[in-house]
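Contents: one structure, followed by commentary.
Values below: all heavy atoms of this structure, side chains included; hydrogens, waters and symmetry mates excluded. Below, chain A is the first sequence line, B the second, and so on; all start at residue 1.
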2 protein chains.
Amino acid sequence: MLDQDEQSLHSRFTDFEKFCRKKGLKMTHQRLEIYRELLTSSDHPTVEALFLRVRKRIPTISLDTVYRTLALLEEAGMTNRIQTSEGLTRFESDYGVHHHLTCKKCQKIEDFIWESFDTMLLPPELEAWGTIQTRNIVAEGICKDCLKKEKK
Amino acid sequence: MLDQDEQSLHSRFTDFEKFCRKKGLKMTHQRLEIYRELLTSSDHPTVEALFLRVRKRIPTISLDTVYRTLALLEEAGMTNRIQTSEGLTRFESDYGVHHHLTCKKCQKIEDFIWESFDTMLLPPELEAWGTIQTRNIVAEGICKDCLKKEKK
DNA sequence: GCCTTTAATAAGAATAATTCTTAAATAGTA
DNA sequence: TACTATTTAAGAATTATTCTTATTAAAGGC
């Protein structure tokens with residue numbers, strides 16, 4: 001499992017190089033580190049959080065570069081933007097179809113997969129609307145940790 | 001159908017009065033007009049848009065009052081906040097379970113209902129997470145109008 | 001209906017998130 | 001190694017949202 005993860009991480013870096021070449025974009029130190037940080041972050045970080053993490057390795061990096069790079073990665077479909085109900089923008093690296101579960105108390109976001117939903121046919125009325133490309137579930141509630149705290 | 005809508009609109013206003021009384025809130029002209037505007041808007045307006053519409057009837061209303069009132073209504077569960085991928089906050093009056101369909105081009109949001117999804121049991125693994133209260137689908141694609149424009 | 005109390009409002013200042021501007025630095029290429 | 005076009009850092013500008021304060025108005029008692 002770990003091997004496989006590392007394998008896939010490595011191949012994703014290679015993809016990033018290829019991607020830059022193909023698009024005529026320069027492969028900068030900053031872009032690589034931002035992308036790496038996002039790949040290894042599983043907590044759906046905000047731009048600010050990502051900036052602080054990357055700054056440990058590149059102390060002179062600017063917040064603006066993080067914004068620009070994330071926009072770039074998003075456009076290329078390599079990351080997803082998540083608009084939370086707190087009003088903050090969070091990011092995650094794109095790794096296939098999944099859904100989100102958010103705690104209303106602590107705002108923590110967890111991923112989950114649900115294949116029987118993914119393969120379900122949408123209501124036929126929606127065909128008249130246009131072409132539907134993605135469909136994601138946003139579920140909200142109170143997580144176990146916050147439920148415990150409430151009881152105290 | 002129209003009769004029923006008007007009926008339900010009227011009862012919702014009455015609810016609003018009751019709601020204010022119960023919470024010890026004052027029933028102001030501004031609050032009523034903002035609530036009315038949201039009830040009769042089906043296009044998921046932004047705060048700014050709502051402000052401009054209400055201003056036609058109350059020219060001196062301030063943007064801040066719209067923000068404050070929407071926060072109030074949201075807290076009471078009478079409206080829902082929708083965080084769009086454009087990064088804008090939109091609002092809709094709460095009228096029962098439904099889902100959203102957004103056009104990636106023109107950003108228009110349409111509602112749809114899908115009862116067979118609503119009654120579907122969530123994956124059992126999620127029970128370990130905590131208590132799940134809501135689950136909504138956000139579908140994205142290109143609407144018919146934008147598809148037509150693309151062909152030109 | 002008028003008075004009092006307290007909450008709500010308007011106006012504009014303050015804050016926070018994001019984007020833009022510009023000069024300097026750097027990647028890719030000859 | 002030198003050249004050219006991108007990209008970057010820094011900070012200014014913009015935009016959305018919230019806060020502050022003096023004024024206004026709703027609700028309830030008289």
Identify whether the distance between the nearest side-chain nitrogen and carboxylate oxygen of A/Glu150 and A/Lys105 falls below 4.0 Å. yes
Hey, what do you get for NE2 (A/His44) to NZ (A/Lys108), rounding to the nearest 0.5 Å? 12.0 Å
Separation of atom CZ in B/Phe51 from atom C1' in C/dA11, rounded to whole Å: 11 Å
If I take atom CD from residue B/Glu33 and atom CG from residue B/Leu50, how far apart are they, to the nearest 0.5 angstrom? 11.0 Å
To the nearest 0.5 Å, how far apart are OH in B/Tyr67 and OG1 in B/Thr89? 7.0 Å
Residues of residues 55-76 of chain B with a heavy atom under 4.0 Å from any atom of DNA chain C, listed by number, are B/Thr60, B/Ile61, B/Ser62, B/Asp64, B/Thr65, B/Arg68
Would you mind reading off the distance between A/Glu17 atom CD and C/dA27 atom P, rounded to a whole angstrom? 13 Å
Phosphate OP1/OP2 of C/dT18: any A/Thr89 side-chain N/O under 4.0 Å: yes
Are B/Arg57 and B/Glu37 close enough for a salt bridge, meaning some N to O gap below 4.0 Å? yes
In whole angstrom, what separates A/Glu86's CD from C/dA17's C1'? 13 Å
In terms of the angle between their ring planes, are A/Trp114 and B/Phe117 parallel, tilted or perpendicular, with boundaries placed at 30° and 60°? tilted
Between D/dA16 (P) and B/Leu50 (CG): distance, integer Å: 15 Å
State yes or no: are the ring centers of A/Phe112 and A/His100 separated by less than 6.0 Å? no
For B/Leu32 and C/dA8, what is the distance between atoms CG and P respectively, to the nearest whole Å? 15 Å
To the nearest angstrom, how far is A/Glu33 atom CD from C/dA27 atom C1'? 16 Å
Check A/Asp64 with A/Arg68, please: is the shortest side-chain N to carboxylate O separation under 4.0 Å? yes
Distance, nearest 0.5 Å, that separates CD1 of B/Ile82 from OG of A/Ser85: 12.5 Å
Nearest whole angstrom, please: distance from the P of C/dA16 to the CG of A/Leu88. 12 Å
Scan residues 19-31 of chain A against DNA chain C and write down, sorted by residue number, each residue with any heavy atom closer than 4.0 Å; if none is found, say none. A/Lys26, A/Met27
Could you tell me how far apart B/Phe91 (CZ) and D/dA16 (C1') are, to the nearest whole angstrom? 12 Å
